[in-house]
2 protein chains.
Amino acid sequence: MTVTRGRIDKRQAILGAAFTVFARDGYRPASVDAVAAAAGVAKHTIYNHFGDKESLFRATVAALTAESLTRNLAAVDLLRLPTGAEDLAAVLSKVGLRLAECYCDERSQACRRLLQAEIQNLPDLQDIVREGATDKVNEALADRFARLALAGQLRLTDPAVAAEQFGALLTAPLETRSRLGSRPVPAAELTEVTQNAVQTFLRAFGND
Amino acid sequence: MTVTRGRIDKRQAILGAAFTVFARDGYRPASVDAVAAAAGVAKHTIYNHFGDKESLFRATVAALTAESLTRNLAAVDLLRLPTGAEDLAAVLSKVGLRLAECYCDERSQACRRLLQAEIQNLPDLQDIVREGATDKVNEALADRFARLALAGQLRLTDPAVAAEQFGALLTAPLETRSRLGSRPVPAAELTEVTQNAVQTFLRAFGND
DNA sequence: GCTGAATTGCACTGGCCAGTGCAATATAAC
DNA sequence: GTTATATTGCACTGGCCAGTGCAATTCAGC
């Protein structure tokens, strides 16, 4: 909609509009004309930058993946050895809630929907997202759990499994409550799911 | 492909073919002509039975949901009080593996993919599946957990949460390992995920 | 200011597909 | 057999859309 002329940030505008339109309509039904209109750009410009619709879609997903990685790593980074009065449950709750918010973020949900819908036609997209975000977040989480185990705060044999299961206890219930990502999850349910996850996680792996 | 003439089981043939084609191509890209060809039926017959493509899709998903419910309830039904030499871990593993197999079943995976892809356009499909299968399976599982708790075999306050989390520990890792349902999960990984899930579940809720 | 590259607008092709119309045929039930 | 209904084959409409071609315009950098 912006009337900016020039070639400077057309690319960004296109990627932003592409996500909006793809998220709203889905990859197939979304028309390149609609993306062009939403970006305030001629259709030709899109083809200049991205070649074809599929490449545009790939670039869109890749951009979202990078964005998601940053937010998720920031969440995991909150997971440190509890200091002073703080206890492990509180720290885990903070991190869990933050991860839950990332998972329920409108953009992340839309991205997962698009991915799942097109996974048969574009199986490599799955790899882009895995290598670009999921795996790294899981590894970072496993690293933190390993530290906590060494510090005697957790009892676990395989930090990777613990990370996978901590994620599972968060995401699977959220997937249900968000109706497969089709509606926002109320804050109350977000904390409820997080509390349940942390509680069960600590019953299984806590050191008390 | 069958050369059967007559009106008797056209409907079933159409539903079967519709699932095959939808699962292969996705709802949008799949053409009604392709379904007709796969069912060995004229396109008109499909419109006679189902009215339009969307209704055909709904009927297809509903049929798959019913099928899935049966299989899942049969799995949950294996969850009984351990008798004699059997221990709880063994029973849970059996049930967990069975549920994991249900989740990874090719037809179930395809159904979830289709659902997720079209959830924005046909949000009521989600409800059909929830009310038709997911909720009932979770309730059945919660019932069994409540029994086990009463019998002193589990320590838990909310059987519904325990059921949700048992499912989460199974499905979320399987979702990852099946690449969002786009490839079969090797049997070895199936048992690995199940073992991890049961182990963590019992560390959290077991009575020892 | 000038120049080359990017951008724009518009029209157009080719392809795909949902759904319909119609006339002919087959089927089930009586 | 007869009849009402289901089915078939085929052609057709109307609509949507990816991608292209082209001429005119606009911009960035010098």
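The chains referred to below are lettered A, B, ... by the order of the sequence lines, with proteins before strands, and numbering in each begins at 1.
Residues B:Leu81 and B:Arg147 form no side-chain contact, since every pair of their non-hydrogen atoms from C-beta on lies 4.5 Å or further apart.
Under a 4.0 Å N-O distance rule, the pair B:Glu67/B:Arg71 does not qualify as a salt bridge.
Remark: B:Lys10 is not in phosphate contact with C:dT27, judged by side-chain N or O atoms under 4.0 Å from OP1 or OP2. A close approach under 4.0 Å does occur between a side-chain nitrogen or oxygen of B:His49 and OP1 or OP2 of D:dT7. Regarding contacts with the backbone of D:dT8, a side-chain N or O of B:Thr45 is found under 4.0 angstrom from either OP1 or OP2.
Looking at heavy-atom distances under 4.0 Å, A:Ala36 makes no contact with the nucleic acid at all. Nucleic acid contact for B:Ala34: none, since no nucleic acid atom lies under 4.0 Å from a heavy atom of the residue.
In this view, B:Phe205 and B:Phe201 satisfy the ring pair (Phe, Tyr, Trp, His ring centres under 6.0 Å) rule, not counting sequence neighbours.
Here B:Phe166 and B:Phe145 bring their ring centres to under 6.0 angstrom of each other.
One interatomic measurement links the two molecules: NZ of A:Lys53 to C1' of C:dC16, which rounds to 13 Å at whole-angstrom precision. Between A:Arg11 atom CZ and C:dA6 atom C1' the separation is 14 Å, expressed in whole Å. The CD1-C1' distance, from A:Ile46 to C:dA6, rounds to 14 Å in whole Å.
Mapping B:Val41 and A:Pro29 onto DNA chain D by nearest heavy atom places B:Val41 at the nucleotide closer to the 5' end.
Geometric assessment of A:Arg112 against the ring of A:Tyr103 yields a positive cation-pi assignment under the 6.0 Å and 45° thresholds. Because its NZ or CZ atom is not both nearer than 6.0 Å to the ring centre of B:Phe22 and within 45° of the ring axis, B:Lys53 does not count as a cation-pi partner of that residue.
When distances run from any side-chain atom of B:Asn48 to the nucleotides D:dT7, C:dG19, D:dA18, the shortest one goes to D:dT7.
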Polar atom pairs between nucleotides 20-23 of chain D and protein, under 3.5 Å, N or O only, would you list them?
| from | atom 1 | to | atom 2 | distance (Å) |
| --- | --- | --- | --- | --- |
| D:dG21 | N7 | A:His44 | NE2 | 3.1 |
| D:dG21 | O6 | A:His44 | NE2 | 2.8 |
| D:dC22 | N4 | A:His44 | NE2 | 2.8 |

